[in-house]
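Worksheet: the structure to be examined is printed underneath.
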Amino acid sequence: IASCKQRAVSEGIRYRLTFIAGGNSYTIAADPFTTALTQTKLLTNFGAGLSIISTTFTTGELTFLSRGTLSGFGGNVKIRNSKGSEATITVNVTGRSYVSFDMH
């Protein structure tokens with residue numbers, strides 16, 4: 001998320017992250033959001049067995065403007081690992097993100 005924000009600022013264009021609940025991947029797209037400018041990334045790059053449980057972003061998307069702020073309101077994405085531990089990544093309207101871990 002922070003990398004996507006940084007790319008938007010450094011390149012002066014919008015960047016969009018799309019999360020699919022129930023999946024284990026996300027996409028990064030640069031404005032004008034064509035398929036040629038879209039990359040799909042696997043959560044397994046960050047650890048085995050990670051999956052997206054849910055997201056509160058509209059249609060699972062989060063768009064960073066060229067100033068690093070979000071288009072629209074913030075939200076969160078919840079991720080689970082293969083051991084059942086969960087983490088919630090929250091992004092506010094200023095583009096700042098933080099992680100909280102759910103203890104079971």
Side-chain angles (χ1 to χ4, degrees):
I1 292 173
S3 175
C4 189
K5 175 183 175 178
Q6 179 59 37
R7 289 174 74 175
V9 172
S10 66
E11 296 176 26
I13 60 174
R14 296 180 303 156
Y15 267 84
R16 179 178 295 152
L17 281 169
T18 304
F19 301 98
I20 305 298
N24 67 350
S25 64
Y26 60 97
T27 61
I28 300 174
D31 195 7
F33 307 126
T34 63
T35 54
L37 299 174
T38 301
Q39 300 173 344
T40 299
K41 306 280 188 169
L42 295 174
L43 288 179
T44 53
N45 293 337
F46 300 104
L50 292 176
S51 62
I52 299 168
I53 299 170
S54 63
T55 179
T56 61
F57 301 115
T58 306
T59 66
E61 295 178 349
L62 140 86
T63 302
F64 285 101
L65 302 175
S66 61
R67 292 175 27 180
T69 57
L70 290 182
S71 168
F73 299 103
N76 63 57
V77 58
K78 186 172 272 206
I79 297 173
R80 179 182 297 140
N81 69 14
S82 60
K83 296 180 181 181
S85 297
E86 297 177 359
T88 302
I89 304 168
T90 302
V91 184
N92 66 26
V93 71
T94 66
R96 184 172 183 156
S97 61
Y98 61 93
V99 179
S100 59
F101 297 94
D102 303 328
M103 302 297 173
H104 293 283

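The structure displayed is predicted, hence computed values, not measured ones.
Within the 4.5 Å cutoff, the side chain of V91 has heavy atoms near those of the F57 side chain. Taking the side chain as every heavy atom from C-beta outward, L62 and F64 approach each other to under 4.5 Å. Side-chain contact between L50 and N24 is absent, with no heavy-atom pair separated by less than 4.5 Å.
Between atom OG1 of residue T69 and atom CG of residue N92 there is a gap of 10.5 Å, rounded to the nearest 0.5 Å. Atoms OG1 and CG, on T27 and L17 in that order, are 7.5 Å from each other to the nearest 0.5 Å. Within the model, atoms CD1 of I20 and OG1 of T55 stand 9.5 Å from one another, a figure rounded to the nearest 0.5 Å. In this structure, OH on Y15 lies 14.0 Å from CG on L65, to the nearest 0.5 angstrom. For the atom pair CD of E86 and CD1 of I79, the computed distance is 10.5 Å after rounding to the nearest 0.5 Å. How far OG of S25 is from CG of L43: 7.0 Å, rounded to the nearest 0.5 Å.
In terms of modelled atom types and a separation under 3.5 Å, the side chain of S10 and the main chain of Q6 share a donor-acceptor contact.
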Self-check item: Full working for side-chain hydrogen bond (donor to acceptor under 3.5 Å, both in side chains) between T63 and R16
Solution: CA-CA 4 Å; T63 302; R16 179 178 295 152; 3.2 Å; yes
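Each of T56, T90, D102 was evaluated against K78; a single residue qualifies, D102, per the side-chain hydrogen bond (donor to acceptor under 3.5 Å, both in side chains) test.
Linking ILVMFWY residues whenever their side-chain heavy atoms come closer than 4.5 Å, directly or via other members, leaves F33 and F19 in distinct clusters.
Partners of A87 according to the side chain to side chain contact (heavy atoms under 4.5 Å, CB included) rule, which considers only residues two or more places apart in sequence or in another chain, are V99, F101.
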